[in-house]
Number of protein chains: 2
Amino acid sequence: MTTSVEEAVTERAEGKPLGKRERTKINNREAILQAARDVFADLGYGATTVRDIIRRTGLASGTFYNYFRSKEEVFEALMDEGMRRIRPRLRAERIRSRTFEDFIRNALHAYFEYLASDRETFEVMRRNPNTVRVRMETAEMIAGFEEIREYMEEDIRNGTLPPVDSEYLMASVVGLAMEMGDRMIARDNVDPAAAAEFATALVLGGFHNLPVTGKAPAAPGGEEGGE
Amino acid sequence: MTTSVEEAVTERAEGKPLGKRERTKINNREAILQAARDVFADLGYGATTVRDIIRRTGLASGTFYNYFRSKEEVFEALMDEGMRRIRPRLRAERIRSRTFEDFIRNALHAYFEYLASDRETFEVMRRNPNTVRVRMETAEMIAGFEEIREYMEEDIRNGTLPPVDSEYLMASVVGLAMEMGDRMIARDNVDPAAAAEFATALVLGGFHNLPVTGKAPAAPGGEEGGE
DNA sequence: CTCAAAGTTGACGTTGATTCACTTTTGTCT
DNA sequence: AGACAAAAGTGAATCAACGTCAACTTTGAG
């Protein structure tokens, strides 16, 4: 028994029995990615070494390099994977949305739902003070953002959206969603629906339409009753 | 002549002549920070080594460690410096702003102006594909964000702002501003006023009030006049 | 059962991080 | 000015992690 981190994947795609060699390859790759998720979350991206990752898999150090060229490439793979999962959802929302408003609402819902479901991956960007938060502009990421922007341009062309600066609009929505997403997953009660509501209201209607929290914060001194 | 990277700073604070020792210390520290800015921008944060940084200063490798414990700490210092420059401006805007709307508008202006003026520091987060973008949650950063949030809470208490989720609101504005800021400094013509307008309109009024770009993108087929 | 190809392994040469004994510079006190 | 102690700088030496590669094991095909 050399190694391999046997686990699931006895599967077969379209009837192909899928030989042991290929199974192992898939499993090893997945094991490395999973280990990387764990270690990144534990130590932070900057502090983790390739060997920290590979150690958790039981594989030999050299094997790592059969799968990835570096720690960065693993990270890239993780980001890409995330993006590849979310893009179809956004595309689906795009299709079933009739208006720009609809699309924004649905897309934000999809995004926050996804984030909540795959929380683990995104804990890479920890909240620990003095930890570097990383983000990688992978090809898949850029394409994903551009796709969103493209939708906006379309809406501008068909008149659903006034001719605004689509790059800024895309960046705004993306930045807002990502930063809110970070906060969301840091909370004890992750509530993607609430986050999506909030973001949607802000983007679509300005802060006047934001959902109001239950408790108005305790009035400091003893002011007028107000409202 | 051992070293020192003599440059400016012959200054004196409040009459104190400021001995050579202290001057050198300040200059060396500044030289390291400046070198770091350069190297980070050139190679990207991940790829730069402590030696790349120190090499550009002419100082000995050991000297680096008299000033910083690691590359991360240098980065932290850069981020902190940026935050320490921007915070007083935000505070000033806060004071002269009468309403929440005013504050948002003024604060966003201040932020984008600052970013444009200190472009160099923020090029750390390059746009090169497959480069890791970094951001650090330093104490100063967190405090800065919390301060903004605190302002929002105040406005909620005094009724200028409805009782919304202040963490999310702060995160939204911060995320939106940072992401837009990245795009802004990547453009050929950096126009902080325009960026601030855009962001302000989005935050305060929803997308309906966004400034409209000059050219409406070419109508695809040959639609009706619309509007 | 046999063999070649694919894949794994871990020891090894490199590179960069970090330490530290030693040197130089600076400020202070006669 | 001269002497001395503290502060800061220096770079060789040590150490950790990287990435490679020759040798070894497993797999799949005949």
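Naming: A, B, ... by sequence-line order, numbering from 1 per chain.
- Listed by chain and residue number, A/T49, A/R55 satisfy the side chain to side chain donor-acceptor pair (under 3.5 Å) test with A/D52 (two or more places apart in sequence, or in another chain).
- As rounded to whole Å, 12 Å separates atom P of C/dG7 from atom CD1 of A/I26.
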Protein heavy-atom contacts under 4.0 Å, written 5' to 3' over nucleotides 11-23 of chain C as B (base), S (sugar-phosphate only) or - (none), form the string B----SBBB----
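- Checking side-chain atoms of B/K71 against main-chain N and O of B/Y45 turns up a donor-acceptor pair under 3.5 Å.
- Atom CG of A/N28 is separated from atom P of D/dT26 by 14 Å (rounded to the nearest Å).
- Contact check, B/N66 against D/dG9: a side-chain N or O comes under 4.0 Å of OP1 or OP2.
- Applying the 4.0 Å criterion to OP1 and OP2 of D/dA8, one finds that B/K25 has a side-chain N or O inside that range.
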Grab the N/O contacts between the protein and nucleotides 27-30 of chain C below 3.5 Å, and write none if there aren't any.
from	atom 1	to	atom 2	distance (Å)
C/dG27	OP1	B/K20	N	2.8
C/dG27	OP1	B/R21	N	3.2

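- Atom CG of B/N27 is separated from atom P of D/dG9 by 11 Å (rounded to the nearest Å).
- Remark: B/E154 engages B/R94 in a side chain to side chain donor-acceptor pair (under 3.5 Å) (not counting sequence neighbours).
- B/F145 is linked by a ring pair (Phe, Tyr, Trp, His ring centres under 6.0 Å) to nothing, counting only residues two or more places apart in sequence or in another chain.
- Here the C1' atom of nucleotide D/dT25 and the CG atom of A/L59 are 14 Å apart, to the nearest Å.
- The side chain to side chain donor-acceptor pair (under 3.5 Å) search around B/R21 returns none, not counting sequence neighbours.
- Judged by a 6.0 Å distance limit and a 45° cone about the ring axis, B/R187 is positioned over the six-membered ring of A/Y168.
- Heavy atoms only, all atoms of each residue included: B/G144 and B/M83 are closest at CA-CE, 3.8 Å.
- Using a 4.0 Å cut-off, some side-chain N or O of B/Y67 falls inside it from OP1 or OP2 of D/dG9.
- Here the closest non-hydrogen pair linking A/R69 and A/F64 is C-CE2, 4.5 Å.
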